[in-house]
Amino acid sequence: MPGDMDPGDLDELCSHVNSKISLIKKTLQLRNIGQDPSLTNVLSKISYELHSLYDLLNKLETEVQRQETIANSLRELQATVLRDFTEASHLKENIPLHLPKRTQSSSSAPEEEPEVVVKVAVPEPTKKSSKEKPIKEMDLITVHEFGTVPAYMKNRLTYDQINNVIEELNKAVVGKYKILHQPLKSLSNQARKQFTRYKEEETKDTKGQFFIVDQDMKDFTQVKVDKRFHGILSILRHCHRLREIRGKGLVRYIIC
C-alpha cells in the first residue's frame, strides 16, 4: 500500500530517535554532575587543561606554518643553486675560442713600450706620428653581451662567428689607416688611389673618427659582404661596437 513505510526507513528513523535520546540523557547527566559540589574542582581542572591544550595547539600551528615557510625558502634556494651550477657547468664545457681583449695594466706597459719604440721609431716621421691617433680597433663581444642579443638578430650565428668578423673588421681598419698615416709620396700607385678614395669618403661627421666601408672589407679581407655580413653588423650596432653614417651613396661604419 502507498501508506506503508519501508522497513529500512523505519530502522533508520528508530536509530536516529535512539541517538537523540542518548544525547539528551548524557546532557542531563553532565548537568547533574555540574551541580554536584564534589566534582566542581575536577571540572575546573578539566576546563583549565582544555584551555592549555588549545593554546598549545595554536603554538603548534604557528610553528608548522613557520617551518613550511622555511621549507619553501630552502626549495627556492635549492632551485637557484642548481640553476647556477648548471650554468657554470655549461660555461666550463663551452669556453669560447675568443675572449674580450684585456686592457693592459700599468705594470705591463713599461715592459712593452721599448719594443714598440724599436719597431715604430723612424727618424723622419717622428714629429708627425706624435700627432696621429693610435688606430682604434673594435673590442670583441663578451659572452654576456652575446646573451643580450635578441634571437631574431642572432638567427643561427654563433658567438665565435661574430668575433671572427670583428677580427676581420679590425684588419680592414688597420689596413686602411696604415695607408692614411703614410706620406703620400711613399705609396704605390694602387695605394695612392686608395688614399684618394679614403679622403673623398670623409665628411664633417667622420672627422676624428675611424671608419670603413664595404669596399675596405673587400680590399683587406676575404669576408663576403652579403646579407649575413650585414646581419652581423646589426648585432654589433646592438652591442654598441659600431654605428653608421650614411651619405653620398655610402654607408660608413664608425668604430665605437
Side-chain angles (χ1 to χ4, degrees), residues 1-103 105-107 139-163 234-241 256:
M1 295 176 63
D4 292 342
M5 179 178 290
D6 186 88
D9 294 338
L10 182 59
D11 290 341
E12 185 178 348
L13 178 61
C14 290
S15 176
H16 178 71
V17 171
N18 290 331
S19 176
K20 293 295 183 180
I21 292 172
S22 176
L23 182 61
I24 292 170
K25 287 180 178 180
K26 289 180 181 179
T27 303
L28 292 173
Q29 289 174 355
L30 289 173
R31 187 185 67 175
N32 294 332
I33 292 173
Q35 294 174 352
D36 188 348
S38 63
L39 298 176
T40 302
N41 291 335
V42 176
L43 291 174
S44 297
K45 289 181 180 180
I46 293 175
S47 177
Y48 175 77
E49 293 296 334
L50 287 174
H51 283 295
S52 298
L53 182 61
Y54 180 76
D55 291 338
L56 182 61
L57 287 173
N58 284 338
K59 292 179 181 179
L60 182 60
E61 183 179 4
T62 301
E63 181 63 21
V64 169
Q65 291 176 350
R66 190 178 73 87
Q67 292 296 333
E68 287 180 350
T69 301
I70 294 174
N72 290 334
S73 299
L74 289 175
R75 280 192 289 269
E76 292 176 1
L77 179 61
Q78 182 184 23
T80 300
V81 171
L82 182 60
R83 183 174 63 252
D84 291 344
F85 177 77
T86 302
E87 292 178 358
S89 300
H90 177 75
L91 290 174
K92 181 180 178 182
E93 295 171 0
N94 298 274
I95 297 177
L97 299 175
H98 297 88
L99 293 174
K101 294 181 180 178
R102 183 178 60 185
T103 56
S105 61
S106 57
S107 59
D139 292 334
L140 300 175
I141 65 171
T142 64
V143 174
H144 173 72
E145 288 175 313
F146 181 73
T148 65
V149 177
Y152 76 89
M153 281 190 180
K154 285 189 287 193
N155 200 3
R156 296 183 180 178
L157 292 170
T158 66
Y159 174 81
D160 289 330
Q161 288 174 333
I162 295 172
N163 277 332
S234 297
I235 293 175
L236 297 181
R237 285 198 303 273
H238 174 80
C239 294
H240 306 292
R241 290 299 189 275
C256 296

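Proximity of a side-chain donor or acceptor of Ser19 to a complementary backbone N or O of Ser15 within less than 3.5 Å is not detected.
Taking OH from Tyr48 and CG from Leu50, the interatomic distance works out to 12.0 Å, rounded to the nearest 0.5 Å. Distance check: Ile70 CD1 to Leu77 CG gives 13.0 Å after rounding to the nearest 0.5 Å. A distance of 11.0 Å separates OG in Ser22 from NZ in Lys20, rounded to the nearest 0.5 Å. Considering CG of Asn163 and CG of Leu140, their distance stands at 4.5 Å, rounded to 0.5 Å. The structure places CD of Gln65 at 10.0 Å from CG of Leu60, a figure rounded to the nearest 0.5 Å. The distance from the CG atom of Asp160 to the CZ atom of Phe146 is 9.0 Å, given to the nearest 0.5 Å.
Between Ile141 and Tyr159, the closest heavy-atom pair is O-OH, 2.9 Å. The two residues Gln161 and Arg156 come nearest to each other via the heavy atoms OE1-O, 3.9 Å. Across every non-hydrogen atom of His240 and Cys256, the tightest pair is O-CB, 3.4 Å. Considering every non-hydrogen atom in both Ile235 and Lys154, the closest pair reads CD1-CA, 4.0 Å.
Side-chain contact between Arg66 and Thr62: absent, with no pair of heavy atoms (C-beta onward) separated by less than 4.5 Å. Side-chain contact between Lys59 and Glu63: absent, with no pair of heavy atoms (C-beta onward) separated by less than 4.5 Å.
Few gaps surround CD on Gln67; more than 12 heavy atoms of other groups in view lie less than 6.0 Å from it.
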As a quick check of understanding, evaluate side-chain contact (heavy atoms from CB on, under 4.5 Å) for Glu87 and Asp84, giving each step before the final call.
CA-CA 5 Å; Glu87 292 178 358; Asp84 291 344; 4.3 Å; yes

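A donor-acceptor contact closer than 3.5 angstrom is absent between the side chains of Thr86 and Arg83.
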